[in-house]
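So the structure is just underneath, and the comments pick up after that.
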Amino acid sequence: MTQLPAAPKGADNPKALYGGTGTRRVTVRDIAAAKERGEKWPMLTAYDAMTASVFDEAGIPVLLVGDSMGNCHLGYDSTVPVTMDHMAMLSAAVVRGTSRALVVADLVFGSYQEGPAQALRNATRLVKEAGVGAVKLEGGERSLAQTETLVEAGIPVMAHMGLTPQSVHTLGYRVQGRGEEAAARLIRDAKAAQDAGAFALVLELVPAEVAAEITRSLHIPTIGIGAGPDCDAQVLVWTDMAGMTQGKVPRFTKQYADLRRTLGDAAKAYAEDVVGGAFPAEEHTFH
Ligand code: KIV
């Protein structure tokens, strides 16, 4: 007899972050409740109103306006050049395109490293000007004072550890937390971020065993990207997930569509219709 896959935890719960019936905007309290229920949930990046509205309609409960927009949207080769003006403008667009998803915006490179006052000024801008519900910042111990200040001011903070792309010039793009000492440091940093008030923690490119131990030992959810199956949530960069990214994508991503080919084919079909005179036809024409 064919074995049906087990229903995901929370699937029959109207409050489930993914698959529930709620229509109001997701809050960090809903995220905490999902961890208590042991529910897994998906997060995607988004950088514009139209794409964000598609993901919101699909029920994705948390959308990250990641500084990956540098690579995926703005044509840079890293996240480093992204500015607060880019982030504020595109975050506002994502908020406008959604009605349910919790929108989280990245604090960009150079917008919080000076200290808590700078972090507060820039996070406040994202909350007031763009309307986001939370911000994300990279770093363990080095970002704790910033996290505490933001949380005290009422701004929810998502932490981000492991591979932190803003530090590409020192870390490169490779797995972090390998070996006993590095793993212990990561686990210590994760607990410190929780104690500083972070409501969730992104773990990027971390050995699955280390991510699993962090997930077990925290009461806030972990969100994995290249961190194995045991995190509470998973995040993917949407252009990787949907097959829009040009060239090689990291091994930890999974491609669920071939949008680059679909869009290219549509553009060619349109061009051929224009060149051949098939578009516009009578039904597209006014008299
Ligand atoms: O900027 C981003 O998209 C991110 C995710 C990879 C977590 O930080």
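We're numbering straight along the sequence, starting at 1. Just the heavy atoms: all of them, side chains too, but no hydrogens, waters or symmetry mates, feed the values below. For ligands, and for the atoms within them, numbers begin at 1 and follow the listed sequence.
For H284, the ring pair (Phe, Tyr, Trp, His ring centres under 6.0 Å) test picks out F279, with sequence neighbours left out. Among residues two or more places apart in sequence or in another chain, the side-chain hydrogen bond (donor to acceptor under 3.5 Å, both in side chains) test is passed with S111 by none.
For the pair Q234 (side chain) and G228 (backbone), a donor-acceptor distance under 3.5 Å is present.
Under the 3.5 Å distance criterion, with hydrogens and angles disregarded, a donor-acceptor pair is assigned to the side chains of D30 and T27.
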Could you tabulate the donor-acceptor pairs under 3.5 Å formed by side-chain atoms of residues 65-86, not counting sequence neighbours?
residue	atom	partner	partner atom	Å
D67	OD2	Q166	NE2	2.6
S68	OG	Y47	OH	2.6
N71	ND2	D77	O	3.4
S78	OG	V80	N	3.1
T83	OG1	D85	N	3.4
T83	OG1	H86	N	3.1
T83	OG1	H86	ND1	3.1
D85	OD1	R125	NH1	3.0
D85	OD1	R125	NH2	2.8
H86	ND1	T83	N	3.0

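Salt-bridge check for R216 with D232: failed, with every basic side-chain N at 4.0 Å or more from each acidic carboxylate O.
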N/O pairs closer than 3.5 Å, ligand 1 and protein:
residue	atom	partner	partner atom	Å
ligand 1	1 (O)	D67	N	3.1
ligand 1	1 (O)	D67	OD1	3.1
ligand 1	1 (O)	S68	N	3.0
ligand 1	1 (O)	S68	OG	3.3
ligand 1	1 (O)	D106	OD2	3.2
ligand 1	3 (O)	S68	OG	2.5
ligand 1	8 (O)	K136	NZ	2.8

